[in-house]
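A short write-up of the structure that comes next.
When reading the values below, keep in mind they use all heavy atoms of this one structure, side chains included, and skip hydrogens, waters and symmetry mates. All of these numbers come straight from a predicted model, not from anything done at the bench. We count ligands from 1, going down the list as the structure has it; atoms in each ligand are counted the same way.
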Amino acid sequence: MSTPIKTCVLGTGLGGLVFHIPFLLALPHLFTLYAVLEPSRSSKARARWGSKMDAVKIYESMEEVLADEVIELVVVTTPNETHHGLARRALEAGKHVMVDKPVTAAAQQARELAELAKSRNLVLAAYQNRRFEADWFALRSLLSLPMTSPQSLGHVYEFESRHDRYRTFLKGTWKDRAAPGTGLVYDLGSHLIDQALVLFGRPTKITAFIQNVRGIGDPNVDDCFTIYFHYTPFPPNRPHSLTVILRSHILSVSAPQLRWVVRGTQGTYTKYGSDGQEGHIRAMSDPAQITENEEYGKEHEGMWGTLENLREDGEVVTSTWPTEKKGSYTGLYVNVANAIRNGTQLMVKWEEATAVIEMIELAYLSQKEGRTVDVTRT
Ligand SMILES: *[C@@H]1O[C@H](CO)[C@@H](O)[C@H](O)[C@H]1NC(C)=O
Ligand SMILES: CC(=O)N[C@H]1CO[C@H](CO)[C@@H](O)[C@@H]1O
């Protein structure tokens, strides 16, 4: 057994408190939560996780973090445009780095970090955690069915992925203010774009409609988007072109919210509701429940998706597609530990997270110029 990785979390906003600190605490054989950076020692981490934080150092400045040679891994979950600078300084200090999504405000910054990490032989990981959710696993298992299966969707020609919410107010955090890396496209869009790229690769063209629909706060901060990825011409083994529709609407009153509509030549899959991990963590007092509670990451049967398959005689057969595998963001952390200690490949590649930022930049270009933009091949 290797020794646990001494880790420092930068930032104790929603990201730090819900998406990082509990997972580090839940995996004590792989990680030691050694320190957190909390400007002005706000002690939000202590207030939230209580005695679990007793042995954890609270640092007030990045200089203290960099000067502490014991720290091996730095997790960056701070506001917007600070990601690049903090990640760079941590890498220069010889520390492995994991950056929350969106990894940087500009793709060029992400590429610079990759070069730096490579030259220092350090692990640079991206927290695209939604690849470790139950609904994602269910979708992937459905799309991996052979065409001959009666439940196969056939050739997928339209893929709609949504993350809507109903929020009429501003949250009063940095996310409401105009700055590089803020707005809903960077925030939730980075998840939807990442998943689309994993499934289908880079599109040929992008058309984006990005708005501020609530008319509150800074008008330059978007709170609603529809982004089209066009895939055409399609590889020869697929006779149909594909349209991917990525949407996030801040004034969507539907409950539960629509998650996926996947249309293929042999059927349609419709799924409502999203992974419950965030809710579980918010309600939890002891992070050990993430690994110990059987119910963690499990999707209630009532939320399973619906399949409508077309038979050759024109009949439509309706069935339920089960969300069998539980979601858990621990999968991402286990992989990062393995990468640091054993040199294992990262499941979320930094280049993939960089491609997400490239697509976001093209989406904003499309919106600004009111046109469909080409995506260059790499
Ligand atoms: C590294 O690999 C060894 C041997 O496969 C395994 O036992 C260990 O758990 C791995 N370490 C991490 C941190 O994943
Ligand atoms: C330090 C920091 O958090 N960076 C910036 C994030 O965005 C706000 C405005 O939205 C800036 O004021 C911060 O400087």
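Comparing Asn342, Asn338, Asn335, Leu30 against atom 11 (N) of ligand 1, the shortest heavy-atom distance belongs to Asn342.
The distance from ligand 1 to the heavy atoms of Ser2 drops below 4.0 Å at these ligand atoms: 11 (N), 13 (C). Listed by number with element, the atoms of ligand 1 under 4.0 angstrom from any heavy atom of Ala337 are 13 (C). Ligand 1 places these atoms under 4.0 Å from at least one heavy atom of Arg341: 13 (C).
The side-chain contact (heavy atoms from CB on, under 4.5 Å) test with Phe159 singles out one residue from Phe229, Tyr269, Trp260, and that residue is Trp260.
Looking only at side-chain heavy atoms (C-beta outward), Asn212 and Asn220 stay at 4.5 Å or farther from each other.
No donor-acceptor distance shorter than 3.5 angstrom exists from the side chain of His163 to the backbone of Gly189, with no hydrogens or angles considered. Not a single donor-acceptor pair under 3.5 Å links the side chain of Asp222 to the backbone N or O of Cys224.
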